[in-house]
Chemist: 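Structure provided below as structure tokens; questions to follow.
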Amino acid sequence: MDWWVRIAAGALLALALAAPARAQDGGSHFYRGKTITIIIPIGPGGAYDAYARLVSRHLGRKLPGNPTIIARNMPGGGGVIASNHLYNVAPQDGTTLAIITSSFANEQLFGNPQIRYDARKFLAVGRLLDTTSVLFFWHTSRIKTLDDMLTKPATMAISSVNEIPAYRLTAMNRFVGTQFKSIPGYPSARDYVMAVERGETDGGSSTFIGLSQLFSGYLREKKLNILVQFALHRDSNMADVPTVLELAKDHDATQVFKHLVSNDEIGRSLFSTPNVPPTRLAQLRAAFQAMLADPEFQAEAAQLKLPLAPRTGEEMQQIVADIFEISPEAMAKVREVTK
């Protein structure tokens, strides 16, 4: 069954379940006249920004009371600053949402010292898309082939040393034999590409959708050279590009990389703060499903070339819980890399 058929059925069920919730929660009265903020954990440009602004233009029409929705960039710390804000500062009443950084649960599991939240207490509204991250290099860089990447040193643009992309680079140095040096301080995919174009770094790491959305011309003209994808299986859009698991030389390396790519299942998902009343969370989830089924929303997503692979809020809540189901032995191996 096509995803949009499942979404339509899910929207009807969610609306039915939310009906008694609305009665208990004041119906449309809460959101009437309110402003909802969607936090974007990365700087302007890129897939986080594009999906958040798409949702901001459509979700309000599906909520009772038709609240105004604004999108606000809050970059820094590889997305941790935005997640900390959502957990500790934002009002916990359903008026602050985030296209949360896909690594937010893994970052906690791996012991990122910047984190001030429990990922399991964020409340999932729903997913727009899963993602596949890649390593890319500028066409004039000394790194042109997989063999170059495995035998020559290279500088890599990242946001922060305490984030999944940095951990992946460290793991590749340890288990694959690369000689990457991470250069932090670049807040978004746009900045990563500008860094390689200006010759500040040899390469960077971003999601394939982020590169496709911002730099389709560079990909078409082969100015960006994708050499590795971080995924369990090859993305059909990059069938000739190996996954990092294919480069792993032993069982320990494979186990570490499996955990370091698991966050891409979260992709571009909408979450709210902890402690949102259950009735209001039901409204948000029902509105999200109704938005996904809306022809106007689907048409704009297609026009902007933003693919959709949705999941419900309930499904995403379970995916986050599953990330924390890891054996102590496997966790110890991962933390050796991420400490």
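As a basis for the values below, the full set of heavy atoms in this structure was taken, side chains included, without hydrogen atoms, waters or symmetry mates.
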Chemist: My understanding is that a hydrophobic cluster links ILVMFWY residues whose side chain heavy atoms are under 4.5 Å apart, including indirect links. Using that, what else belongs to the cluster containing Val89?
Modeler: none
Chemist: With rounding to the nearest 0.5 angstrom, report the CZ to CD distance, Arg61 to Glu296.
Modeler: 4.5 Å
Chemist: Taking the six-membered ring of Tyr117 as reference, does the cationic atom of Lys121 (NZ for Lys, CZ for Arg) lie under 6.0 Å from its centre and within 45° of its axis?
Modeler: no
Chemist: To check you understand the geometry: which heavy-atom pair defines the closest contact between Ala90 and Thr273, and what is its length?
Modeler: CB-CG2, 4.0 Å
Chemist: Between the main-chain N or O of Gly126 and the side-chain N or O of Thr312, is there a donor-acceptor pair closer than 3.5 Å?
Modeler: no
Chemist: Scan the side chains in residues 42-57 for donor-acceptor partners under 3.5 Å anywhere in the protein, sequence neighbours excluded, and list what turns up.
Modeler:
unit_1, atom_1, unit_2, atom_2, d
Tyr48, OH, Ser102, N, 2.9
Tyr48, OH, Arg268, NH1, 3.2
Asp49, OD1, Arg53, NE, 3.2
Asp49, OD1, Arg53, NH2, 3.4
Asp49, OD1, Asn73, ND2, 3.0
Asp49, OD2, Arg53, NE, 3.1
Tyr51, OH, Pro307, O, 2.6
Arg53, NH2, Asn73, OD1, 2.7
Ser56, OG, Arg53, O, 2.7
Arg57, NE, Glu300, OE2, 2.8
Arg57, NH1, Arg53, O, 3.4
Arg57, NH2, Glu300, OE2, 2.7

Chemist: By side-chain hydrogen bond (donor to acceptor under 3.5 Å, both in side chains), which residues pair with Thr96, not counting sequence neighbours?
Modeler: none
Chemist: Is there a side-chain contact between Leu169 and Leu135, using heavy atoms and a 4.5 Å cut-off?
Modeler: yes
Chemist: Under a single-linkage rule joining Ile, Leu, Val, Met, Phe, Trp and Tyr whose side-chain heavy atoms are separated by less than 4.5 Å, which residues share a cluster with Ile70?
Modeler: none
Chemist: Salt bridge between Lys62 and Asp294, side-chain N to carboxylate O under 4.0 Å?
Modeler: yes
Chemist: Does Asp235 have any salt bridge (charged side-chain N to carboxylate O under 4.0 Å, His left out) partners at least two apart in sequence or in another chain, and if so, which?
Modeler: none
Chemist: Rounded to the nearest 0.5 Å, what separation is found between the NZ atom of Lys258 and the CD1 atom of Ile326?
Modeler: 12.0 Å
Chemist: Lys152: which residues meet the salt bridge (charged side-chain N to carboxylate O under 4.0 Å, His left out) condition with it, sequence neighbours left out?
Modeler: Asp148
Chemist: Kindly write out the residues that satisfy salt bridge (charged side-chain N to carboxylate O under 4.0 Å, His left out) with Glu221, not counting sequence neighbours, or none if the list is empty.
Modeler: Lys223
Chemist: Within a strict 4.5 Å, meaning less than it, do heavy atoms of the Ile81 and Pro41 side chains meet?
Modeler: no
Chemist: Is Phe110 linked to Ile319 within one hydrophobic cluster, defined over Ile, Leu, Val, Met, Phe, Trp and Tyr using a side-chain heavy-atom separation of less than 4.5 Å?
Modeler: yes
Chemist: Would a hydrophobic clustering, with Ile, Leu, Val, Met, Phe, Trp and Tyr connected at side-chain separations under 4.5 Å, put Tyr31 with Ile39?
Modeler: no
Chemist: Scan residues 53-93 for pairs that pass ring pair (Phe, Tyr, Trp, His ring centres under 6.0 Å), counting only residues two or more places apart or in two chains.
Modeler: His58-Phe297, Tyr87-Phe122
Chemist: Which pairs with one or both residues in residues 226-265 pass ring pair (Phe, Tyr, Trp, His ring centres under 6.0 Å), sequence neighbours excluded?
Modeler: none
Chemist: For Glu336, give me all partners under salt bridge (charged side-chain N to carboxylate O under 4.0 Å, His left out), at least two apart in sequence or on another chain.
Modeler: Arg174
Chemist: With rounding to the nearest 0.5 Å, note down the distance linking CG in Leu306 to CG in Leu129.
Modeler: 8.5 Å
Chemist: Testing Ile143, Leu150, Val241 for side-chain contact (heavy atoms from CB on, under 4.5 Å) with Leu227, which one passes?
Modeler: Ile143
Chemist: Using the rule given for side chain to side chain donor-acceptor pair (under 3.5 Å), can you reason through Asp191 versus Ser188, listing the C-alpha separation, both sets of side-chain angles and the distance that settles it, and then say yes or no?
Modeler: CA-CA 5 Å; Asp191 300 287; Ser188 72; 2.6 Å; yes
Chemist: Strictly by modelled atom types, are Asn112 and Gln108 linked by a side-chain donor-acceptor pair under 3.5 Å?
Modeler: no
Chemist: Output the distance between atom CD1 (Ile69) and atom CG (Leu63), rounded to the nearest 0.5 Å.
Modeler: 6.0 Å
Chemist: With sequence neighbours left out, which residue pairs that include part of residues 138-194 fulfil the ring pair (Phe, Tyr, Trp, His ring centres under 6.0 Å) condition?
Modeler: Trp138-Tyr218
Chemist: Tell me, please, which residues at least two apart from Arg120 pass side-chain hydrogen bond (donor to acceptor under 3.5 Å, both in side chains).
Modeler: Asp118
Chemist: Taking C-beta and beyond as the side chain, do Pro242 and Gln229 meet within less than 4.5 Å on heavy atoms?
Modeler: no
Chemist: How about Gln114 and Glu107: do any of their side-chain heavy atoms sit closer than 4.5 Å?
Modeler: no
Chemist: Test side chain to side chain donor-acceptor pair (under 3.5 Å) on Asp93 and Thr95 and set out the steps.
Modeler: CA-CA 6 Å; Asp93 60 358; Thr95 59; 2.6 Å; yes
Chemist: Should Leu292 and Met316 be regarded as members of a common hydrophobic cluster, given that ILVMFWY residues are connected when their side-chain heavy atoms come within less than 4.5 Å of each other, either directly or indirectly?
Modeler: no
Chemist: Any chance you could measure Leu245, atom CG, to Gln255, atom CD, to the nearest 0.5 Å?
Modeler: 9.0 Å
Chemist: Classify the side-chain pair Thr132/Asp264 by whether it contains a donor and acceptor separated by less than 3.5 Å.
Modeler: no
